Amino acid sequence: MVASSESDDQALTWRGSLLTRLPGGRRSYWIVVAIAAAITGLVVAAIAGLAGGGPSLGEPTPVIVATQSIEAGEQLSGQNTEARRHPALTLPAGAVAVLVGDEVASAAIHTGEVVTEARLGGLPIGERTEVAIPSHTALPPLAPGDLVDVLVTLPLPGDGGTQSQATLTVATAAVVTDTAEHAVTIAVTTQELLPVASAVIQGSITLALVQSG
């Protein structure tokens, strides 16, 4: 009981001392208390907004998020992604809201990362660059994520005006990133880009499936 009385006396003494120091006395004291309460309320509201993704961070927006690590050339599906809602102002540029079923990662996507257009096909894949192979080329049944070797057959002049042919491999384990009616798109390394492009111009390419995605 004595300790409580001393604590109350100290609180009263502190407040009395503050009242004597503030211009306007008791009225100024309550103004200071009101301002402090308002500031505290604003801080609490801001923290609550950050924690709950409130209006300060924008409306919750549906996006696709990787639920596991996805390698370049791997197809996105319900097995490695899911739809979540994130505050709009926290989303990266080009965030993908829905998958249509044929998206392939053009670069590694980490667990928990929001999938963006920059991580999908149509862009360089790591150290690789995409090349379209016309459908009139010899093509096996392919799907995004498959790995193929690129072969080119060249004519070789022989003795007496005869000609023979030689088949060379100009790219190995190229990643199939897209299959369309008139072309198949593959990703090749920088060193393979020129030989593959030259082979496309000659129209003598064969794709050999070496691994299904």
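Values reported hereafter were calculated over all heavy atoms of this structure, with side chains retained and with hydrogens, waters and symmetry mates removed. Note that the structure is predicted; figures quoted are calculated from it, not measured.
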Beyond-backbone contact of His86 with Thr61, side-chain heavy atoms, under 4.5 angstrom: no
Worked check of side-chain contact (heavy atoms from CB on, under 4.5 Å) between Val150 and Ile186: CA-CA 10 Å; Val150 182; Ile186 61 173; 3.6 Å; yes
Donor-acceptor contact present, side-chain Ser212 to main-chain Asp146, <3.5 Å: no
Transitive ILVMFWY side-chain link Leu194 to Leu207, under 4.5 Å: no
Exercise: identify the closest heavy-atom pair between Leu142 and Val148: CD2-CG1, 3.7 Å
Contact check, side chains of Pro134 and Val200, non-hydrogen atoms, under 4.5 Å: yes
Distance-minimising heavy-atom pair for Glu82 and Thr67: CG-CG2, 3.5 Å
Other ILVMFWY residues reachable from Leu151 by side-chain steps of under 4.5 Å: none
Steps toward side-chain contact (heavy atoms from CB on, under 4.5 Å) verdict (Val176, Leu147): CA-CA 6 Å; Val176 176; Leu147 300 183; over 6 Å; no
From CD (Glu192) to CG (Asp149), nearest 0.5 Å: 9.0 Å
Nearest heavy atoms of Ala183 and Ala132, plus distance in Å: CB-CB, 4.4 Å
Check: Thr185 main-chain N/O paired with Asp178 side-chain donor or acceptor under 3.5 Å: no
Hydrophobic cluster partners of Val65 (side-chain heavy atoms under 4.5 Å): Val63, Leu91, Val114
Residue pair Glu130 / Thr177, side-chain donor-acceptor N/O under 3.5 Å: yes
Euclidean distance, Ile70 CD1 relative to Thr111 OG1, rounded to 0.5 Å: 8.0 Å
Residue pair Ala171 / Val196: nearest heavy atoms and the distance that separates them: CB-CG2, 3.8 Å
Nearest heavy atoms of Ala174 and Val188, plus distance in Å: CB-CG1, 3.9 Å
Closest non-hydrogen atom pair between Val115 and Ala66, with its separation: CG2-N, 4.3 Å
Thr179 vs Pro144 side-chain heavy atoms within contact, under 4.5 Å: yes
Gln79 backbone acceptor or donor facing Ser77 side chain under 3.5 Å: yes
Salt bridge (charged side-chain N to carboxylate O under 4.0 Å, His left out) partners of Arg85, counting only residues at least two apart: none
Expected output: side-chain Gln75 to main-chain Glu103 donor-acceptor under 3.5 Å: no
Any Pro87 side-chain heavy atom under 4.5 Å of Thr90 side chain: yes
